[in-house]
Amino acid sequence: MSRTSHNMLDLIRHLPKEIEEAIEFDIPDPWQERPDIIVFSGMGGSGISGDLTKILLESTHVPVVVHKDYGIPSCVTPHSWVFVTSYSGNTEEAISSFEDAIKIGSKIVVITSGGTLKKLAMKNNVPVISVPSGFPPRAALGYLFIPVVNFLKRGGLLSEDIDLVKLVMFLKSQSKALEEMDSIAHDLAEKFYLRIPVLYASRRYFPVVERWRTQINENSKAFAHTSALPEMNHNEITGLLNPDGVIEGFWAIFFQFPDDHPRIKLRIKETIDLVSGSVMGVSLFVPKGTNILENIFYTILVGDYVSYFLAINYNQDPISIPRIDELKRRLSK
Ligand code: F6R
């Protein structure tokens, strides 16, 4: 894919190929010593890759923290592994995390296409995973995420069984159908149009609906809300009533993953039953795929297409993010 391509539809189509390319990226050798804690630091389209890695690390015995802020969590030590991800390399929160992790003497890996972060990493002899430049960060998810998975596999923190090649084949087999006019992606973009999408998933898979929200925010220039089960069953479920004129404009979508806890599946069923009279409509999304990684990336791919088609419905340019750019410009003064 050309570096200067600025067509979001092409970038979304490119995800399987991007993962395929990223499998081959050079990665540094992991440290011998197991970490006391793993931290993923990064914002927005870069930060989501840490959230997704955390899902895969759910069964390891090492605590995992995703940090989307300045500085570094106070539990970080010289024995911690800190992954600092910033696609541009110029995001001030990520740079601040890097600087604090250097002060502590943690084991750091930087994932970036360049910028200040790359310079700082080289100056401090910190290993860098270099990714191709010229993409909107949110369209570089494969580049940012896959090398970290490979690094953790090599470091013995993730299972060798994670089959990235099979993931690529699976996504390639799904991608085209999602563009058809009768696809689930078109259908949901119609349902979300002029309504507020409210997206629900289990706590474990919450990052996946966060990806949907942020893609709807950035690509479609539209508002969306997310919340996790079971927690929303203890509060938000009662709030889905007023102001009634507003709630009636919500389209709720519940994401049910094959390995969600059976009680979560029951909660989704009963919650749909209880709230469906208050909102405009409810959908149940069950991802395709034969394993967790395929479920996650199938859902992400559908969401990326939904956000693209919704952008078209709203007559918005899915690439440009003028408010984010303007805010960064003002803060850099
Ligand atoms: C833009 C995007 C944003 C950026 C975020 C952090 O496509 O997705 O959310 O990812 O502003 O910037 P980077 O990724 O350069 O650290």
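One-based numbering, in listed order, for ligands and for the atoms of each.
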(request) Name the closest protein heavy atom to atom 3 (C) of ligand 1, giving the residue it belongs to and the distance to 0.1 Å. (result) E218 OE1, 3.6 Å
(message) Among all the protein's non-hydrogen atoms, which is closest to atom 10 (O) of ligand 1, and how far away is it?
(response) G45 N, 2.9 Å
(request) For atom 12 (O) of ligand 1, grab the closest protein heavy atom and report residue, atom and distance to one decimal in Å. (result) T91 OG1, 3.0 Å
(request) For atom 14 (O) of ligand 1, find the nearest protein heavy atom and state the residue, atom name and distance (0.1 Å precision). (result) S46 OG, 2.5 Å
(message) Heavy-atom distances under 4.0 Å decide this one: backbone, side chain, both or neither, for I321 against ligand 1?
(response) side chain
(request) Supply the atom-to-atom distance N150 CG to F25 CZ, rounded to the nearest 0.5 angstrom. (result) 10.5 Å
(message) Once rounded to the nearest 0.5 Å, what's the spacing between atom CD of E218 and atom CZ of R138?
(response) 5.0 Å
(message) With respect to K328, determine whether any N or O atom, backbone or side chain, lies less than 3.5 Å from an N or O atom of ligand 1.
(response) yes
(message) Tell me whether the count of non-hydrogen atoms from other residues, nucleotides or ligands lying under 6.0 Å of CG in N315 goes above 12.
(response) no
(request) Below 4.0 angstrom from a heavy atom of S86, which ligand 1 atoms are there? Numbered from 1 as shown, please. (result) 13 (P), 15 (O), 16 (O)
(request) Return the residue, atom name and 0.1 Å-rounded distance of the protein heavy atom closest to atom 15 (O) of ligand 1. (result) S88 OG, 2.6 Å
(message) Measuring centre to centre across the rings, with the benzene-like ring taken for any Trp, is F145 within less than 6.0 Å of F297?
(response) yes
(request) Give the residue and atom name of whichever protein heavy atom lies nearest to atom 7 (O) of ligand 1, and the separation in Å to one decimal. (result) R138 NH1, 2.6 Å
(message) Any carboxylate oxygen within less than 4.0 angstrom of a Lys/Arg side-chain nitrogen, looking at D29 and R154?
(response) yes
(message) Within the 4.0 Å heavy-atom shell around G44, which atoms of ligand 1 are there?
(response) 9 (O), 10 (O)
(request) Verify the distance criterion only: is there a donor paired with an acceptor across the side chains of D100 and S97 at less than 3.5 Å? (result) no
(request) Take D259 and Y205 through the test side-chain hydrogen bond (donor to acceptor under 3.5 Å, both in side chains) and record every step on the way to the result. (result) CA-CA 10 Å; D259 71 332; Y205 289 103; 2.7 Å; yes
